[in-house]
Enquirer: 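So that we are looking at the same thing, I have put the structure below in structure tokens.
What you are looking at is a predicted structure, and each value in this text was computed from that prediction instead of being measured.
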Amino acid sequence: MTAVKVREKLLALAEELELQGLLARTPPSEQALASTTPFACDVMPFEQWLQFIFLPKMHFMLDNAIPLPSAMSIAPMAEHVWADKLGYKNIILLLTELDTLVGAVS
């Protein structure tokens, strides 16, 4: 089932973020977490958005059988933010795969 593959990619993404030293020890403020700006880019770095907003929301949706978005384009933002970070190519690859998988699930 594709939802299982999505979950596997989410777990791999979390592992890769940790491997790259991108996981924050403390969460952003409640105000920051409530940001309505795309990727909360007005209040937190992209990697924090992935850690504290994207990953929990995706797991919540999978856990509760909530339909995933019909389309997702997160990899382009990662490519933009980390254009000069060659070490983050695995994160970008995982996000590209997630973008594709989510379109297949919905």
Enquirer: Can you see which heavy atom on Phe52 is nearest to which on Thr26, and at what distance?
Expert: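 Residues Phe52 and Thr26, closest heavy atoms: CZ-O, 3.7 Å.
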Enquirer: If you round to the nearest 0.5 Å, how far is CD1 of Ile92 from CE of Met77?
Expert: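 It comes to 12.0 Å.
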Enquirer: So, the side chain of Thr37 versus the backbone of Ala40: is there a donor-acceptor pair under 3.5 Å, distance only?
Expert: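 Here the side-chain-to-backbone pair does not exist.
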Enquirer: Leu62 versus Leu68: any side-chain heavy-atom pair under 4.5 Å?
Expert: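 Leu62 vs Leu68: side chains touch.
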Enquirer: Is it the case that one hydrophobic cluster holds both Ile91 and Leu86, taking links as side-chain heavy atoms less than 4.5 Å apart, direct or via other members?
Expert: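 Not linked; separate clusters.
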Enquirer: Could I get the full list of salt bridge (Lys or Arg N to Asp or Glu O under 4.0 Å) partners for Glu47, not counting sequence neighbours?
Expert: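 Salt bridge (Lys or Arg N to Asp or Glu O under 4.0 Å) check on Glu47 returns nothing, list empty.
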Enquirer: Identify, with sequence neighbours excluded, every residue that meets salt bridge (Lys or Arg N to Asp or Glu O under 4.0 Å) alongside Asp63.
Expert: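 Asp63 satisfies salt bridge (Lys or Arg N to Asp or Glu O under 4.0 Å) with Arg7 only.
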Enquirer: State, yes or no, whether a side-chain contact exists between Leu50 and Ile74 at a heavy-atom distance under 4.5 Å.
Expert: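 SC-SC contact between Leu50 and Ile74 confirmed.
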Enquirer: State the CE-CG distance between Met72 and Asp99, to the nearest 0.5 angstrom.
Expert: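 With rounding to 0.5 Å, CE (Met72) is 4.5 Å from CG (Asp99).
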Enquirer: On the 0 to 90° scale, with breaks at 30° and 60°, tag the Tyr88-Trp82 ring pair as parallel, tilted or perpendicular.
Expert: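 Answer is perpendicular, since the angle exceeds 60°.
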Enquirer: Cut-off 3.5 Å, no hydrogens considered: what does the side-chain donor-acceptor table look like for residues 11-22, sequence neighbours left out?
Expert:
| residue | atom | partner | partner atom | Å |
| --- | --- | --- | --- | --- |
| Glu16 | OE2 | Gln20 | NE2 | 3.1 |
| Gln20 | NE2 | Gly87 | O | 3.3 |

Enquirer: Compare every heavy atom of Ala32 with every heavy atom of Met44, then report the nearest pair and how far apart it is.
Expert: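 In terms of heavy atoms, the two residues are closest at CE-O, 3.5 Å.
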Enquirer: Do Pro69 and Val102 come close enough that some side-chain heavy atom pair is under 4.5 Å?
Expert: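 Side chain of Pro69 against side chain of Val102, heavy atoms only: contact under 4.5 Å found.
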Enquirer: Is a side-chain donor or acceptor of Ser35 paired with a backbone partner of Gln31 at a separation under 3.5 angstrom?
Expert: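 Between the backbone of Gln31 and the side chain of Ser35 there is no qualifying donor-acceptor contact (under 3.5 Å).
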Enquirer: What distance do Leu94 atom CG and Glu8 atom CD have between them, rounded to the nearest 0.5 Å?
Expert: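 It is 11.5 Å, given to the nearest 0.5 Å.
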Enquirer: Can you name the nearest heavy-atom pair linking Ser73 to Phe39, along with the distance?
Expert: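 Residues Ser73 and Phe39, closest heavy atoms: O-CZ, 4.1 Å.
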Enquirer: Would you compute the distance between atom CH2 of Trp49 and atom NZ of Lys57 and round it to the nearest 0.5 angstrom?
Expert: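 Those atoms lie 8.5 Å apart.
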Enquirer: Just wondering, do Leu93 and Lys89 contact through their side chains at under 4.5 Å, heavy atoms?
Expert: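 Not in contact.
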Enquirer: Write down the atom of Gln48, the atom of Ala24, and the distance for their closest heavy-atom approach.
Expert: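 Gln48 and Ala24 have their closest heavy atoms at NE2-CB, 3.8 Å.
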Enquirer: Enter the distance from Gln51:CD to Leu23:CG here, rounded to the nearest 0.5 Å.
Expert: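 Rounded to the nearest 0.5 Å, the CD-CG separation comes to 4.5 Å.
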